Amino acid sequence: MEQFKGQPRLPKFAVPKRYELRLKPDLTTCKFGGSVSVDLDIVADTQFIVLNAAELSVDAGSVSFTHRDSSKVFKPSKVEAFQEDGILVLEFGETLPIGPGVLAIGFEGILNDNMKGFYRSTYEHNGEKKNMAVTQFEPVDARRCFPCWDEPAWKATFKITLDGVPSELVALSNMPILEEKVDGHLKTVSYLESPIMSTYLVAVVIGLFDYVEDHTSDGVKVRVYCQVGKANQGKFALYVAVKTLELYKEYFAVPYSLPKLDMVAIPDFSAGAMENYGLVTYRETALLFDEQHSAAANKQRVATVVAHELAHQWFGNLVTMEWWTHLWLNEGFATWVSYLATDSLFPEWKIWTQFLDELTDGLKLDGLEESHPIEVEINHAAEVDEIFDAISYRKGASVIRMLQSYLGAEVFQRSLASYIKKHASSNAKTEDLWAALEEGSGEPVNKLMNSWTNQKGYPVISVKVKDQKLEFDQTQFYSSGSQGDGQWIVPITLCCDSYDVHKSFLLQSKSETLDIKEFLGCSVATGCGRASNKNNAVCSWIKVNVDQTGFYRVKYEEELAAALRNAIEKKHLSSTDRFGILDDSFALSMARQQSFASLLTLLSAYREELDYTVLSNLITISYKLARIAADAVPELLDLINQFFIGLLQYSAEKLGWQPKPGESHLDAMLRGDILTALAVFGHDQTIDEASRRFHAFLDDRNTPLLPPDIRKAAYVAVMQRASASNRSGYESLLRVYRETDLSQEKTRILGSLASCPDPNITLEVLNFLLTPEVRSQDAVFGLAVSSEGRETAWTWLKANWEYISKTWGSGFLITRFVSAIVSSFASFEKVKEIDEFFKAHPNPSITRTLKQSIERVQINAKWVESVKSEKNLADAVKELAYRKY
Ligand code: BES
Ligand code: ZN
């Protein structure tokens with residue numbers, strides 16, 4: 001039996017075809033019993049059946065295999081569970097006959113509190129605490145609910161029955177109800193048999209819910225289930241779901257494959273949402289929208305999450321990745337498509353500009369030596385959780401966007417539709433997608449894309465002009481400043497002087513030189529800042545990676561960079577290009593290929609910026625720069641903060657505090673981000689005004705003075721002044737937390753509390769996160785500590801590591817504790833200290849994240865060293881901080 005341990009995948013002795021699953025959960029004792037009968041084909045001579053099971057007690061006496069043709073019953077001589085591998089080995093003592101048969105197993109388990117497998121979530125009803133039973137199986141936890149072949153390629157149909165359900169509760173599964181038999185207080189609910197699907201998509205939810213309902217134009221019944229009394233909050237998601245299902249039906253050229261779609265808000269939920277076939281589960285914050293108290297950002301989150309999960313109903317559920325190595329096919333693709341859907345529903349959100357947040361997060365993680373290729377080798381179930389990361393989601397989505405813009409939207413859609421059709425009800429690998437796109441486009445997609453999905457990292461393209469020639473050179477970009485030896489096939493695009501002159505080529509080697517006249521039809525005179533003039537055909541600026549559709553960075557020689565700064569000030573560039581220039585420059589500065597001062601100078605070109613996405617990234621960058629400055633040049637920190645405050649004045653004045661009637665969604669989101677930033681940078685007027693409005697809010701939760709879009713800003717502002725001797729704002733905020741029943745409000749507050757610069761308060765806040773008042777799904781939101789609080793947070797993490805490991809240790813949330821607290825340090829001593837601590841307290845679920853976080857600390861440390869030794873930085877900062885615009 002030992003031979004089956006430590007294997008990445010189950011042996012192929014038997015192929016499951018159909019599961020008949022009965023579950024009997026007891027919501028009072030939090031235990032469940034169950035039985036499963038699996039129709040399977042024995043396909044190889046074997047005395048063993050090996051499948052997955054974990055934390056279940058299997059009743060060995062109940063296990064039998066019945067050969068279909070002979071009706072002969074085989075009883076196992078040995079039944080053994082290997083817990084670390086999550087496998088169950090049945091040894092039969094004789095060779096099983098090839099061909100179909102039925103495997104029956106009885107088992108018991110507990111409804112756990114870990115938000116995975118078959119688990120318990122809690123809610124209040126009429127002041128009483130109640131339990132609900134919920135499943136979360138992706139990636140590898142169906143095995144915690146019933147013995148099964150728990151790998152995405154073993155697709156089968158599922159016929160599910162729930163026994164012993166309290167008759168007043170709602171009991172949902174993937175398929176519509178076939179029959180409900182009530183017997184006194186309890187009922188048995190059976191569901192229609194599902195189409196063929198993977199185990200990780202099976203789902204059950206049992207609890208008390210209200211719902212709202214609608215249907216698509218072709219009759220799919222759609223419902224949103226939420227806590228009793230909150231049905232109105234489900235209406236927005238319902239609208240998005242109906243529209244999105246209709247859109248995807250057109251886009252994929254295949255209708256939604258089930259008769260119904262239920263979407264349910266679950267009070268305890270570790271991910272954001274889960275695409276279970278026909279029964280999508282969500283965190284409350286990702287599904288519910290309250291007209292009075294939700295912010296524009298909450299609304300956008302609901303729309304994009306719904307669009308993402310519904311994309312999976314095709315991409316993931318109908319066509320499923322063959323193995324976790326191809327997880328990115330699911331997640332990268334769903335992420336990309338969710339933008340397509342959101343853009344079609346809400347064009348005024350300019351969501352494709354906001355897509356650059358995905359791009360930059362992908363680039364950030366992939367700039368680490370501890371990154372991994374999109375297609376990542378998976379050798380053990382325990383490795384899967386950690387790859388639900390920015391590589392699979394964000395780099396994945398970004399390379400899809402790059403390819404789509406290279407191939408063209410129409411060809412791309414047609415090829416996708418044929419991919420879906422070809423692999424429907426089956427599994428696919430990355431190369432299958434490339435094959436479909438290659439066939440549809442006639443382009444060498446496989447060769448092109450392999451360079452992006454099989455190796456980690458990406459290039460930085462250096463651009464130079466010399467003797468009327470344009471030189472392009474690629475080297476692998478690392479944020480550490482090291483140079484890698486990767487090479488890519490890079491779709492290069494460029495514009496010069498105007499968006500009418502748009503050129504592209506594939507960079508297939510290390511470098512390439514192009515004749516400017518031949519290629520662009522003009523000459524280049526950079527640095528002069530001359531406005532475009534087509535008649536004399538002289539370009540004043542060149543922007544490479546137009547619209548930031550490519551997954552790479554660009555490094556311009558100084559003259560070209562100066563011309564772009566000028567073009568930004570003159571407002572000649574699109575918001576996507578303004579975003580890209582700043583973001584690349586920030587990355588190059590971190591990698592010490594560009595000075596801190598020159599980055600600040602570039603920032604000053606954005607003083608009249610008004611685009612939401614550009615400004616919110618500018619703010620994120622400023623936060624990071626302020627932290628590096630605090631370590632490198634503390635004597636300049638006040639001036640640097642003053643400079644950042646100055647940069648935001650223009651937009652802050654344009655937006656004001658009070659929403660304008662009928663203003664845009666983007667302005668509403670922008671106002672919140674700007675005011676938050678002004679508070680963090682210590683802008684006194686902002687903090688005073690925020691306090692005034694916060695007090696009005698304490699008197700009246702519906703005051704027009706504190707609409708939801710600026711609440712987070714006000715909370716952060718209040719926390720900036722909180723201290724041991726000034727606790728009232730902090731305590732009022734805790735009171736609001738306790739009184740609200742809106743999860744988005746709670747999350748906003750948690751995200752503000754730790755921003756307090758007083759370490760004593762930070763410690764109190766961190767301890768609060770571990771109390772029962774904070775659901776374990778939400779604790780990670782409270783880890784956004786101020787730079788003054790980071791040492792306290794690290795000490796706290798070490799002191800509580802045992803408890804944290806135990807509570808969050810078996811899912812991906814634990815990685816957030818490490819990355820949030822560890823990554824903000826910036827010294828080599830800390831690298832050592834962190835490394836030593838985790839060597840002494842190892843935890844396999846954070847292996848990858850820990851290495852990445854330590855690398856970040858190293859990068860910060862090097863950056864701090866270099867900023868320290870930067871000559872003339874003080875002069876540059878003074879000049880910028882005192883400059884009057
Ligand atoms: N399939 C995932 C849910 C998931 C995540 C399962 C991690 C297991 C581990 C789902 O489709 C998803 O991607 N959810 C996202 C939200 C989405 C809008 C990016 C999430 O949970 O954050
Ligand atoms: Zn997803």
Side-chain angles (χ1 to χ4, degrees), residues 114-117 119 134-144 150 152 197-203 237 240-241 244 248 263-266 268-287 297-321 324 326-342 351 354-355 357-358 361-362 378 381-398 400 747 777-778 780-781 808 810-816 845 848-849:
N114 303 329
M115 297 182 283
K116 60 201 274 185
Y119 72 94
V134 188
T135 56
Q136 167 61 42
F137 289 169
E138 194 184 15
V140 290
D141 296 316
R143 63 192 68 175
R144 277 167 224 281
D150 196 12
M197 63 189 274
S198 304
T199 50
Y200 78 91
L201 294 166
V202 171
V240 174
T244 305
Y248 289 155
M263 312 205 293
V264 196
I266 309 291
D268 301 275
F269 198 82
S270 81
M274 175 64 211
E275 69 266 25
N276 311 303
Y277 222 167
L279 178 54
V280 183
T281 44
Y282 295 80
R283 269 185 191 240
E284 291 186 346
T285 51
L287 188 67
N298 298 133
K299 187 174 198 173
Q300 187 176 308
R301 171 83 180 149
V302 170
T304 51
V305 178
V306 170
H308 176 110
E309 303 312 333
L310 298 197
H312 279 312
Q313 306 302 311
W314 284 259
F315 229 94
N317 301 7
L318 183 60
V319 180
T320 311
M321 71 229 146
W324 299 109
H326 307 283
L327 173 70
W328 85 279
L329 274 184
N330 265 15
E331 297 305 348
F333 196 87
T335 300
W336 178 80
V337 163
S338 72
Y339 280 79
L340 195 90
T342 308
I351 203 80
Q354 296 192 57
F355 183 88
D357 293 339
E358 310 275 352
D361 282 355
I378 295 293
E383 295 170 14
V384 185
D385 257 334
E386 269 194 295
I387 59 162
F388 284 81
D389 64 1
I391 298 301
S392 304
Y393 280 77
R394 298 166 190 255
K395 182 180 184 181
S398 301
I400 287 169
T747 307
Q777 61 164 7
D778 291 331
V780 293
F781 297 126
W808 285 274
S810 58
F812 54 85
L813 285 174
I814 183 99
T815 63
R816 302 268 295 272
S845 9
R848 222 180 251 287
T849 311

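These figures come from a predicted structure and were not determined experimentally. Just follow the structure's listing: the first ligand is 1, and inside any ligand the first atom is 1. The figures here come from the full heavy-atom set of this structure, side chains too, leaving out hydrogens, waters and symmetry mates.
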ask   = Mind checking whether Asn114 and Arg144 have side chains closer than 4.5 Å, heavy atoms only?
value = no
remark   = Note, the Zn ion (ligand 2) has protein N, O or S atoms under 2.8 Å numbering 3
key: By ring pair (Phe, Tyr, Trp, His ring centres under 6.0 Å) - contacts of Phe137 (at least two apart)   = none
Neighbouring protein residues of ligand 1 - any heavy atom closer than 4.0 Å = Gln136, Glu138, Pro139, Ala271, Gly272, Ala273, Met274, Glu275, Val305, His308, Glu309, His312, Glu331, Phe388, Tyr393, Phe812
query = Any luck finding a side-chain donor-acceptor pair between Glu386 and Thr815 under 3.5 Å?
reply = no
request  = Fit a plane to each ring of Tyr248 and Trp314, take the angle between them on a 0 to 90° scale, and name the class: parallel (under 30°), tilted (30 to 60°) or perpendicular (over 60°).
outcome  = perpendicular
request  = Check whether any side-chain heavy atom of Ile387 lies under 4.5 Å from a side-chain heavy atom of Glu331, and answer yes or no.
outcome  = no
task = Verify whether one side chain among Asp385 and Ser845 offers a donor that lies under 3.5 Å from an acceptor in the other.
result = no
message = Taking side-chain contact (heavy atoms from CB on, under 4.5 Å) as the definition, give me every residue that meets it alongside Glu383, ordered by chain and number, with sequence neighbours left out.
response = Ile378, Asn379, His380
task = Run the ring-centre check on Phe333 versus Phe315 and record whether the distance is less than 6.0 Å.
result = yes
inquiry  = Is it the case that the side chains of Glu358 and Tyr339 hold a donor-acceptor pair, with the cut-off being a distance below 3.5 Å and no angle test?
reply    = yes
